Every structure is written in C-alpha cells, then in structure tokens.
Amino acid sequence: MVFSMKYTGGFTLIETLIGVLLTAVVCSTLFLGLTQAKLYLESIRIKEKAYQELKNWTNEWKSMVATGVSNFPNDGPGGERVVLKKDSRGNTIIEGKLFKKIIKANQSGQYSVFYNIDTFITWDNDNFFFKSTTPDTLRFNTYQIQFNIQ
C-alpha cells in the first residue's frame, strides 16, 4: 500500500487577505499621522509669519509715537490686511488682519508723555481635519514714550 503525502506549506487565501488588510490599516494610520504632523508644522509656520508681521507693524507705530505723531487714524472694519500664506502661483491662501488701539496713558504727565499701544493680528485657522469658528489671534500690548526734541 502506497501513501501519498500532500504538501501543505504556504498560506491560505484567508491568511493572505488578513495580512493585506493589516498592512493597509498600518499604512493608513501612518499616512494619517504624517498628514497631521504636516498640518501642525504648517500652522506653526503661519503663526511665525503672523508674529513677524505683528512685530514689524507694532514697531512701526511705536516709532511714529516716538517721533511725535499724536493723530492716529482709525482702523477700517477689516483692519489692515497682510498675507500669511501663498500658494505656488502666488495666490493668497491665508490672510491676516492687523488692528491697533493707541491711547494716551493715564499716568502720562507734562514731562513724560507716553502712549499705550495695543496691536493684534487675527486670521482663520481652518485646516483639512477641522473647521474653527473663532480666528487665531496674537496680541501685543506695550507703552511708548513720545520724545520731545527741541
């Protein structure tokens, strides 16, 4: 009597499909994590750009106060617009709005005139994963002495 042994090595169809499914799940979570990290880094870049624009704008108004300007125009309803992010063609993607409030300080006297300068910038912080109803804001609140050059 001859017995034949059937070779049973290898994977079945179910085992192969489960392996492919697990690989797909791992890859999708990896890509999701990479996308979230990329969006987070982009939001940091936008905040850095907004910080730089606000710093420059605040220094501009501080220098105007220091040189003796005392008539400050009101901001329009939309503030002063500044570009925070552009696409590869140069189109504006994210736009910030700069606002200011400059008032003579209460402690200001005859010999030391100084002003309170409150500046801030706002921008929409929408991204692929969530929509926000409140804009991001950076604010500077500083004082500047008005120099009297005679």
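Throughout, residue positions are numbered sequentially from 1 according to the sequence presented. The shown structure was predicted, so the numbers you read here are calculated from the model rather than taken from an experiment.
- Rounding to the nearest 0.5 Å gives a distance of 11.5 Å between CG of Leu21 and CD1 of Ile14.
- Taking Thr122 as the reference, nothing meets the side-chain hydrogen bond (donor to acceptor under 3.5 Å, both in side chains) condition, with sequence neighbours excluded.
- Between Glu53 and Lys49 there is a salt bridge, since a side-chain N of the basic residue sits under 4.0 Å from a carboxylate O of the acidic one.
- Note on Arg45 versus Glu48: no salt bridge recorded, every NZ/NE/NH1/NH2 to OD/OE distance being 4.0 Å or above.
- Taking Ile, Leu, Val, Met, Phe, Trp and Tyr as hydrophobic and joining them when side-chain heavy atoms fall under 4.5 Å apart, one finds Leu17 in a cluster with Leu13.
- Other residues, nucleotides and ligands contribute only 12 or fewer heavy atoms inside 6.0 Å of the NZ atom of Lys97.
- Residues Val26 and Leu30 fail the side-chain proximity criterion, which asks for heavy atoms closer than 4.5 Å.
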Query - Worked check of side chain to side chain contact (heavy atoms under 4.5 Å, CB included) between Ser43 and Tyr40 - result: CA-CA 5 Å; Ser43 73; Tyr40 182 71; 4.2 Å; yes
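- A heavy-atom distance below 4.5 Å is found between the side chains of Glu15 and Thr12.
- Contact check on Glu95 versus Lys85 returns no salt bridge, with no Lys/Arg side-chain nitrogen under 4.0 Å from an Asp/Glu carboxylate oxygen.
- Contact annotation: the side chain of Lys100 never approaches that of Asp118 to less than 4.5 Å [non-hydrogen atoms, C-beta and beyond].
- Across all their heavy atoms, Ala66 and Gln144 have their closest contact at CB-NE2, 3.6 Å.
- Note: Phe31 CZ to Lys38 NZ = 12.5 Å, rounded to the nearest 0.5 Å.
- For the atom pair Thr142 OG1 and Phe114 CZ, the distance stands at 11.0 Å (nearest 0.5 Å).
- Here Trp61 is tied into one hydrophobic group with Ile46, Tyr51, Leu54, Trp57, Met64, Val65, Val69, Phe72, Val82, Leu84, Ile93, Ile94, Leu98, Ile102, Val113, Tyr115, Ile117, Ile121, Trp123, Leu138, Phe140, each link being a pair of ILVMFWY side chains closer than 4.5 Å.
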Requested in this report: Show the numbers, then the answer: is there a side chain to side chain contact (heavy atoms under 4.5 Å, CB included) between Lys47 and Asp136?
Outcome: CA-CA 9 Å; Lys47 286 178 185 176; Asp136 273 350; 3.8 Å; yes
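- Between the Asp87 side chain and the Asn91 main chain, a donor and an acceptor come within less than 3.5 Å of each other.
- To the nearest 0.5 Å, atoms OG1 (Thr119) and CD (Glu60) are separated by 11.0 Å.
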